Amino acid sequence: MARKLWGGRFTKRTDPVVERFTSSIAVDHRLAKHDVIGSIAHAKMLGACRIIPTRDARRLVSGLQQILRRIERGQFHPDPAAEDIHTQIHTMLRRRVGPVAEKLQTARSRNDQVALDLRLYARDVVTRLSRGLARAQRGLVALADRAHEVVIPGYTHLQRAQPVLLAHHLLAYVEMLERDQERLQDARRRLDTLPLGAVALAGTSLPINRSKVAKLLGFSRVADNSMDAVSDRDFVVELLADSALTAAHLSRLAEDLILWATEEFGIITLDDAVATGSSLMPQKKNPDVLELIRGQAGQAFGGLMELLTMLKGLPLSYNRDLQWDKAVFFRVTDGVMDALEAMDCVVRHVHLRREGIRRLLSHDAICATDLAEQLVTRGVAFQRAHEIVGRLVRSCEREGKRLGELSLAELRRFSPRFDEAARRRLDPRRSVELKQSWGSTNPRLVRQAIARWKRQLTSNRLV
Ligand code: ARG
């Protein structure tokens, strides 16, 4: 049975219901490694500052290192009888080094300890999320590269709008994920503050050296206010918000791919390896993975709300409410990492339906804007040109004709400024080729963007 880290003033045993309700080991055992690493730095500092004899510090460090090796070998198992991870590690240490273990909690409380553990864990989360994002970005760029020559209808209001390169559409998501990367790096800067040494809330009368601990653990600053240090969970909120936005981006991408994989759109098919079937309808091939990604976004949004709500009424400084931060943090960040991995897997298994895509482009007035812009080059005011082409479209609709079927003479009935060049504008391929503004779907610019992303995503990024 794990000992408690408190109990001197208590005369009765804790009620089992209370034991069960207050215990967090089932969740915070995931902080085992971080807890031990933090304790090693703390023990070294206690020795170096002569707060405990150096010999004792050395025994603590060697006991903790044995525990760390166990954890790293996967031989650590949460003890359901322990109140939390800090208690379990303490019990394990005591078993190894004896009563000297009791010196480790000098000038430290579980309040600053858990704040440290969580920051150390959050640093790992940032690294892992950032890698997951980069991998998903690379998958999208690879698909964009494969799809570079492919023109599809671009949509607004889910109505066909103007021709775009499929690659351009995909690179829009690479941009979104890049902003997610930037937000993570930004959060990482604020994570870089050591809370340890705040102790319970007020600091300590013992001569600790916080900068030394910060250096040992790779933090570039120490927290300036002990009460803030034990109460602050802003970094968890930030990472949940960042995760929520990534989840929203993945959900939108999932929705696009789901639409594209329908018979109605016919732009892609999913490889059998990433599709699922129906237990009833033998012909079905379903995009369940994408639906699960889309459906999972709510978990991240809810998690962000959960934590903000937990925090909003808390008086300073530490309150046990804060214990709930870990379950939501682990759940949401695990979910987003899984979703990134699953999305990357699907994207790498997309087949393009080039025939189906050609069919999509042949049937409508998707080049109407190009026609209007052509008139502008012949000196017609844009709104006037808009009106002329609008009437042209209406007349085609009435007569069941396509714009491309109209002769030059027929076009001229709507404006004398139409010439042969105008008829050549009714080609989706030319439509994208004639784009020239920066950031447009022009194939040369998109090709450059693909090359730029490839360079950027292979060069050693800050992870
Ligand atoms: N399990 C606690 C948490 O996650 C650790 C800190 C407990 N501190 C306390 N004073 N009860 O927040």
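All ligand and atom numbering here is 1-based and tracks the order in the structure. Predicted model, so just to flag it, every value in this text is computed and none were measured.
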Problem set entry | Contact check: N111 vs ligand 1, nitrogen or oxygen atoms, below 3.5 angstrom | yes
Exercise. Got a donor-acceptor contact below 3.5 angstrom from the T441 side chain to the L165 backbone?
Worked result: yes
Exercise. Taking heavy atoms and a distance under 4.0 Å, where does E83 meet ligand 1: side chain, backbone, both or neither?
Worked result: neither
Exercise. Looking only at protein heavy atoms, which one is nearest to atom 11 (N) of ligand 1, and how far off is it?
Worked result: R320 NH1, 3.6 Å
Seminar exercise, completed: Nearest non-hydrogen protein atom to atom 1 (N) of ligand 1, with distance, is Q323 OE1, 2.7 Å
For this session: Provide the number and element of each atom of ligand 1 under 4.0 Å from a heavy atom of S24.
Result: 1 (N)
For this session: Identify the protein heavy atom lying closest to atom 3 (C) of ligand 1, giving its residue, its atom name and the separation to 0.1 Å.
Result: Y318 OH, 3.2 Å
Exercise. Among N225, D224, V230, whose side-chain contact (heavy atoms from CB on, under 4.5 Å) with D228 holds?
Worked result: N225
Exercise. Looking at side-chain heavy atoms only, is the closest gap between L194 and L116 below 4.5 Å?
Worked result: yes
Exercise. Can a non-hydrogen atom of K326 be found less than 4.0 Å from any atom of ligand 1?
Worked result: yes
Exercise. Is the cationic atom of R123 (NZ for Lys, CZ for Arg) positioned less than 6.0 Å from the six-membered ring centroid of F219 and within 45 degrees of its normal?
Worked result: yes
Kindly list each side-chain donor-acceptor pair under 3.5 angstrom involving residues 53-64, sequence neighbours excluded, with atom names and distances?
| residue | atom | partner | partner atom | Å |
| --- | --- | --- | --- | --- |
| D56 | OD2 | K103 | NZ | 2.8 |
| R59 | NH2 | V97 | O | 3.0 |

For this session: Enumerate the atoms of ligand 1 whose separation from the nearest heavy atom of D84 is less than 4.0 angstrom.
Result: 1 (N), 5 (C)
Seminar exercise, completed: Which of R30, K326, K33 passes side-chain hydrogen bond (donor to acceptor under 3.5 Å, both in side chains) with Y121? It is R30
